[in-house]
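Report on the following structure.
To find a chain, count down the sequence lines: A is the first, B the second, and so on, and within it residues start at 1.
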Amino acid sequence: MTAKEIQKRNAKANQLKVIQTENGQLFVESSQGKIYYSVSINDEEKCCTCGDFARNNKNDPTFKCKHILAVENSIQDDEIESAKFLEKNTPRLNKDFIKNIKGKDFVLYAGVLDLANQMGLQQLSVEIIQFPTNENGNEAICRAVAENKYGCLYADVGDANPGNCADLVKKHIIRMASTRAKGRALRDMCNVGMACLEELESMDDVIGSKPPAVTRRKTEAPAKKMATVTKLNVAEEQSEGSVVPDDKKVPNVPQVTTEDKPPEISDTPKPVISEAQKRAIHNLSRRRGISIEALNISVMEDYGVPLENLSATDASAFIRNLQQAA
Amino acid sequence: MTLTELRKTEHLSASAIGTYVECSLLYRFSKVDRLPVEQKSDSLEFGSAIHWVLEQYYQEKLIGEKLLLKDIHELFEKSWKMRAEDKTDISYTKGHDFKSLLMLGKDLLTVWHQKLPTDNFTILGVEEAFSFFIPGIELPFIGGIDLIEEDSSGTILVTDHKTSSRAYSKDEVDLNQQLTLYQLGLKSMGYDNREILLKFDCLIKRKNPAFEQYYTTRSEIDEHRLIRKYAKVWEGIKSGVFIPNDTSWKCPSCLYRKACDEWFMKGGTHEQE
């Protein structure tokens with residue numbers, strides 16, 4: 001490259017805007033301001049996606065287009081702006097959350113919650129209308145209200161009693177009524193016609209003597225996680241404490257019934273994931289653009305347990321996997 | 001022995017090796033010839049001032065005290081004034097001067113203070129010194145780890161504080177050799193049977209200052225690669241091989257530009273001086 005060529009391109013380079021995304025990728029706005037070119041620059045090579053670079057780099061490996069020069073100048077002058085991604089996001093019900101049972105589709109509660117979050121769920125609250133007592137046949141009734149990003153409210157109720165619940169959840173009537181109420185409110189908000197799997201009177205009858213482990217885990221694990229994201233009122237969750245005393249509650253453990261827990265969680269003596277490991281996983285996944293929901297699904301699929309129940313060793317391996325993810 | 005005392009002995013460090021790999025003539029000027037820098041970089045001085053403040057913050061936290069944002073600002077002002085006020089040997093980048101960096105420092109520390117996640121980790125060390133040998137290298141590796149913490153499960157968390165004008169890329173974090181060396185240093189200190197996590201706490205000097213944490217880990221393969229590479233670099237240093245990398249984009253801001261030009265003008269004849 002001649003000095004004249006560099007000078008000519010440098011003059012143009014000074015007018016260009018350089019931005020950097022969170023993952024460090026550099027982009028330079030075209031001189032007409034219509035598109036951005038990706039520029040990578042390190043000690044070994046300098047690369048740009050523009051036509052000028054493609055044409056001239058073949059014959060001159062030291063060639064620098066105006067975009068590369070703009071990046072170099074910006075680094076020197078500390079003028080790189082940070083980019084904001086405006087992700088085009090079309091809300092979509094993830095097929096993984098749909099279960100076909102005897103020819104009929106059911107959506108998992110976690111699925112509607114996920115969809116609601118995509119659609120801008122602002123708030124999800126639950127109120128207990130009726131506590132289960134002997135007098136009312138141990139029937140719990142909850143009312144859930146979901147608020148979307150436009151401030152529209154969607155309310156519905158859910159009921160649960162020993163007669164309309166699966167054997168596995170009979171001891172957790174309030175919890176089931178709450179889930180059903182939330183599921184119904186969210187379905188209204190998201191315009192989902194199919195019923196939630198959790199609304200079924202007896203999954204034992206439909207699915208067989210015991211629900212498949214994978215399906216059940218998927219039902220519960222993301223639901224708890226997403227509930228945290230939607231800022232579900234903790235006090236309302238704690239209202240379930242009438243069933244389980246506060247001091248017996250285990251923090252951060254998903255709301256699965258005792259019978260429902262995978263044996264490896266309760267039986268394993270392995271040390272569980274540490275707080276620092278959790279932070280590392282969330283930090284790495286955020287930097288790689290992996291949503292919390294996708295993260296939980298990934299952990300569930302790879303290790304068969306929710307993130308909170310990963311062993312320290314598995315967490316270590318998972319951190320390594322995340323690190324190596326593109 | 002303190003880190004300052006340790007550093008008085010002849011030693012190697014991750015940054016020294018990095019300098020050699022990037023431009024070994026620069027390594028020679030700074031570490032072998034020990035030439036004084038021709039000018040002080042505002043970025044380096046600014047980074048040191050911020051670093052000192054963060055060290056004070058964690059020293060206080062170590063003894064159970066929590067500094068307020070006001071205290072942090074005062075510390076920075078003191079630190080920055082001590083380093084830069086009325087100093088004529090600092091070369092400021094375009095758009096910066098003593099006052100603007102004073103403001104930027106306070107803004108950066110405000111963002112850091114606001115965004116730093118709260119935790120109940122136990123601080124094991126601040127500016128914790130390490131010194132250990134790598135097989136095949138006669139000089140010790142000496143350095144200081146900005147922050148060593150332990151969570152309730154015994155996981156060790158190593159933090160290195162950085163100030164940068166831009167966000168770090170994935171590779172800059174995951175391939176960073178300073179952190180790999182820290183892991184080796186940590187293991188030499190007796191933490192070899194612990195889960196070790198590494199991270200950069202990066203204060204980003206943008207128009208809108210930002211704070212970002214970058215977690216990463218290192219495997220035994222990473223450690224092995226570093227040992228092999230460093231041993232080879234040491235061979236180069238011992239043999240007096242110092243090759244200039246005069247096409248680096250860092251050349252315009254090099255602190256030894258004159259020495260480099262002189263070296264080229266003399267045809268490299270004072271190589272053996």
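- Within a 6.0 Å sphere centred on CZ of B:Arg225, heavy atoms belonging to other residues, nucleotides or ligands number 12 at most.
- Using a 4.5 Å cut-off between heavy atoms, B:Ser43 makes no contact with chain A at all.
- Heavy-atom neighbours of chain A within the stretch residues 209-216 of chain B, taken at a separation under 4.5 angstrom, comprise B:Glu212, B:Gln213, B:Tyr214, B:Tyr215, B:Thr216.
- One finds the CZ atom of A:Arg287 at 9.5 Å from the OG atom of B:Ser169 (value rounded to the nearest 0.5 Å).
- Heavy-atom pairs under 4.5 Å with chain A peak, among B:Gly95, B:Pro252, B:Ser219, at B:Ser219.
- B:Asp222 touches chain A through its side chain: at least one heavy atom from C-beta onward sits under 4.5 Å away, while N, CA, C and O do not.
- Considering all non-hydrogen atoms of both residues, B:Asp151 and A:Ala276 come closest at OD2-N, 2.9 Å.
- For a residue to count as touching a neighbouring chain, one of its non-hydrogen atoms must lie under 4.5 Å from one of that chain's; by this rule B:Asp119 touches chain A with backbone and side chain alike.
- Within the 3.5 Å criterion, the main-chain N or O of A:Gln323 finds a donor-acceptor partner in the side chain of B:Lys170.
- Judged by distance alone, the side chain of A:Glu275 and the main-chain N or O of B:Ser152 form no donor-acceptor pair under 3.5 Å.
- Atom OG1 of A:Thr313 sits about 7.5 Å away from atom CD of B:Glu195, to the nearest 0.5 Å.
- With rounding to the nearest 0.5 angstrom, the CG atom of B:Asp174 is 7.0 Å from the CG atom of A:Leu284.
- With respect to chain B, the highest number of heavy-atom pairs below 4.5 Å among A:Lys46, A:Gln277, A:Arg279 belongs to A:Arg279.
- More than 12 heavy atoms of other residues, nucleotides or ligands lie within 6.0 Å of NZ in B:Lys87, so this atom counts as buried by the packing criterion.
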Query raised in the report: Hey, mind stepping through B:Thr155 and A:Ser274 against side chain to side chain donor-acceptor pair (under 3.5 Å) and telling me if it holds?
Result: CA-CA 7 Å; B:Thr155 300; A:Ser274 71; 2.7 Å; yes

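- Contacts between B:Ser253 and chain A at a heavy-atom distance below 4.5 Å involve backbone atoms as well as side-chain atoms.
- Using a distance-only test at 3.5 Å, with no hydrogens or angles considered, no donor-acceptor pair links the side chain of A:Glu72 to the main chain of B:Trp249.
- Each of B:Leu197, B:Ile204, B:Asn120, B:Ile156 has some count of heavy-atom pairs under 4.5 Å with chain A, and the biggest count is that of B:Leu197.
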